[in-house]
Amino acid sequence: TKAAAPEITTDLKKTESVDYNAEVILSVKATGKDLSYQWYKNGSKIDGATEDTYTFNATAGAEYYCKVTNTDTSKDVTTASTDSTKLILT
């Protein structure tokens with residue numbers, strides 16, 4: 001039996017302009033059972049970025065998104081992804 005896919009209830013902005021080295025906080029809210037989070041930068045997994053919020057200092061423009069996974073081990077795992085946000089340095 002497949003678990004219900006997580007529902008992303010608060011998604012990322014399409015673009016966000018920030019100053020160089022400014023603190024950036026990306027956050028996603030989702031509903032579901034036994035959720036896990038993984039953030040990505042330019043399509044590559046960000047090591048250690050496994051919470052619903054990812055905070056960092058902006059040093060380069062990039063695209064970020066988060067995959068939210070229902071890890072209910074009694075059922076097949078399902079995943080939903082946020083839209084990408086494009087970070088633009090100003």
Side-chain angles (χ1 to χ4, degrees):
T1 306
K2 202 165 202 154
E7 181 180 347
I8 295 172
T9 57
T10 303
D11 211 333
L12 303 173
K13 295 179 188 178
K14 298 292 183 207
T15 60
E16 190 166 337
S17 296
V18 298
D19 292 330
Y20 178 82
N21 211 32
E23 183 179 77
V24 177
I25 301 170
L26 300 178
S27 182
V28 62
K29 299 294 177 214
T31 59
K33 184 177 178 185
D34 299 324
L35 299 180
S36 68
Y37 301 84
Q38 178 62 62
W39 288 91
Y40 292 78
K41 176 182 177 182
N42 294 331
S44 296
K45 187 185 294 188
I46 302 169
D47 290 337
T50 57
E51 301 292 330
D52 60 352
T53 300
Y54 176 54
T55 304
F56 61 98
N57 286 66
T59 57
E63 288 198 34
Y64 293 86
Y65 66 94
C66 184
K67 284 188 179 179
V68 183
T69 302
N70 176 337
T71 59
D72 181 356
T73 56
S74 67
K75 301 181 180 190
D76 290 341
V77 172
T78 56
T79 300
S81 291
T82 65
D83 292 332
S84 292
T85 188
K86 187 171 188 173
L87 190 65
I88 301 169
L89 296 184
T90 56

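By convention here, the first residue in the shown sequence is residue 1. Fair warning: this is a prediction, and the values are worked out from it, not measured in the lab.
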Measuring from atom OG1 of Thr53 to atom NZ of Lys29, what distance do you get when rounded to the nearest 0.5 angstrom?
4.5 Å
Closest non-hydrogen contact found for Asn57 with Glu23 is ND2-N, 4.2 Å
What pair of heavy atoms forms the shortest contact from Lys13 to Thr85, and how long is it?
O-OG1, 2.6 Å
Is the shortest heavy-atom distance from the side chain of Val24 to the side chain of Thr55 under 4.5 Å?
no
Find the distance between OH (Tyr37) and CG (Asp52) and round it off to the nearest 0.5 Å.
5.0 Å
Gap between atom CG of Asn21 and atom CG of Leu89 - 0.5 Å precision
9.5 Å
In terms of heavy-atom contacts, Leu87 and Ala58 come closest through CD2-CB, 4.0 Å
Give a yes or no answer on whether the side chain of Asn42 reaches the backbone of Glu63 with a donor-acceptor pair at less than 3.5 Å.
yes
Side-chain donor/acceptor of Thr69 to backbone N/O of Ser36, under 3.5 Å
no
Looking at Trp39 and Gly48, would you say the former's side chain and the latter's main chain have a donor-acceptor pair under 3.5 Å?
no
Measure the shortest side-chain to side-chain distance between Ile46 and Tyr64 over non-hydrogen atoms and say whether it is less than 4.5 angstrom.
yes
Quick one: are Val18 and Ile88 in side-chain contact, heavy atoms under 4.5 Å?
no
Quick one: sort the Tyr40 and Tyr65 rings into parallel, tilted or perpendicular, breaks at 30° and 60°.
parallel
Taking atom CG of Asp47 as the centre, report whether more than 12 heavy atoms of other residues, nucleotides or ligands fall under 6.0 Å from it.
no
Asn70 CG to Glu7 CD distance, which is reported to the nearest 0.5 Å
12.5 Å
Within the structure provided, determine whether Leu26 and Phe56 are in side-chain contact (heavy-atom separation under 4.5 Å).
yes
Are there over 12 heavy-atom neighbours, none belonging to Glu16, within less than 6.0 Å of that residue's CD?
yes
